[in-house]
Amino acid sequence: MDGSVQLEMRFGASNYAPMPVTIVRGKGVYLWDESGRRYIDMMGAYSAASFGHCHPRLVQALTDQAQQLDTISRAYFNDRLGAFLGRACTLTGMDLALPMNSGAEAVETALKAARKWAYTVKGVAADSAEIIVCDGNFHGRTIAIVGFSSVPQYRDGFGPFPAGFKSVPFGDAAALRAAITPNTAAFLVEPIQGEGGINVPPPGYLAEVARICREHNVLLICDEIQSGLGRTGRLLACQHDGVTPDAVTLGKALGGGLLPVSLFLARREVMQVFTPGDHGSTFGGNPIAAAVGLAALDTLIEEKLIERSARLGVHLLARLRAIRNPIIREVRGRGLFVGVELNRDCASAAAVATRLLRVGVLTKDTHRNTVRFAPPLTIEESQIDWAVDRVAEVLDEFARVEAHH
Ligand SMILES: *Cc1c(COP(=O)(O)O)cnc(C)c1O
């Protein structure tokens, strides 16, 4: 164990249990540890590293801006924010955007907007707005957000939680319909659940949900923090269903892997509920974040990473599905966003991820005993093949051990 890890274990809170590797350098899809060993990053920092590590154009945007103007707060205009927000709105088809930093803050912004919209536009009685979410959701770690999580560990010990949230099964449009009341402000949903296990809903689910929301004057808010920006092979995952939501949250890849940059984007009618002083963030929309965010969006389009994700995602899914191994329960995903669920009584996804680390493939387990794959969208087909070969070998090892039992 090197000095840094010892210091982290000594002085750091234990809210993570990192895998046994210390990364010191990154370039493209590769990461290196302190002994110079190279790994392929099939995890992509939970989809924050969509452009590969230390993308030259993004690093340039960051360093250029850092030498020109840093944070000045939103008390003044800066000369970078407008272009970033404009580009984000044009690309997503939204009218207005509000910049924050972390994903959780963008979701909090969405919750505040939905509630105020319910009171000031829809006419819901004061303090009685309801927001419907899905079982298995992941929207971040604030008190309000974990309050409507269905994962006991995320909630236990952190109550009391804000009222006004209900949860329905993911992928079940009829359950949403049944849960809506005159007080319902919004339905908040991940088009594909990421942390929940890379859960892909039935075809047409989101389109049906959009119809139901429109019928009942309920806002449809898609949390695209993980699924957006090309991850699933479309700019937004909701576009697979031809849906334009009332509002969208973006984060993770929006900061190019360099900075926390998030956005809440919405139709004018929703965003106009915010007036000066209602909501804000010291660092949100700072010139460096805006410069990097704009460069990230431009890079996504100019390098055709969305198309690349669609094409290579088909390949990744096909290669993983071609692995014949009784340990595999299901392979699911869309674009370069794929989960391999393992039979719980055969192998734990965490153990498989640890073994993959040993053979040079970085990934991570998530809920439903699933190994997640969300590599940088810049990955090459041959790199995918190399990684999938390692996955097949490691699963074979686990199957052989299992067969001896
Ligand atoms: C990661 C994630 C968040 C939270 O983002 P942070 O930057 O960690 O706060 C919110 N929603 C979804 C769908 C996510 O995947």
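Each ligand, and each atom within it, is numbered from 1 in the order the structure gives.
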Can we say Glu224 and Arg231 salt-bridge, meaning some charged N sits less than 4.0 Å from an Asp/Glu carboxylate O? no
Do Arg308 and Glu380 pass the side chain to side chain contact (heavy atoms under 4.5 Å, CB included) test, and can you show the C-alpha distance, the side-chain angles, and the key distance before you say yes or no? CA-CA 9 Å; Arg308 191 183 181 87; Glu380 305 278 342; 3.8 Å; yes
Got a salt bridge between Glu303 and Arg57, using NZ or NE/NH1/NH2 to carboxylate O under 4.0 Å? no
From Thr370 atom OG1 to Arg332 atom CZ, the distance as rounded to the nearest 0.5 Å: 4.0 Å
Charged N-O contact under 4.0 Å between Arg311 and Glu381: no
Under 3.5 Å: N or O atoms of ligand 1 paired with protein N or O:
| from | atom 1 | to | atom 2 | distance (Å) |
| --- | --- | --- | --- | --- |
| ligand 1 | 7 (O) | Gly103 | N | 2.8 |
| ligand 1 | 9 (O) | Gly103 | N | 3.3 |
| ligand 1 | 9 (O) | Ala104 | N | 2.8 |
| ligand 1 | 11 (N) | Phe138 | O | 3.4 |
| ligand 1 | 11 (N) | Asp223 | OD1 | 3.4 |
| ligand 1 | 11 (N) | Asp223 | OD2 | 2.7 |
| ligand 1 | 15 (O) | Gln226 | NE2 | 2.7 |
| ligand 1 | 15 (O) | Lys252 | NZ | 2.6 |

SB check Arg319 Asp389 (cutoff 4.0 Å): yes
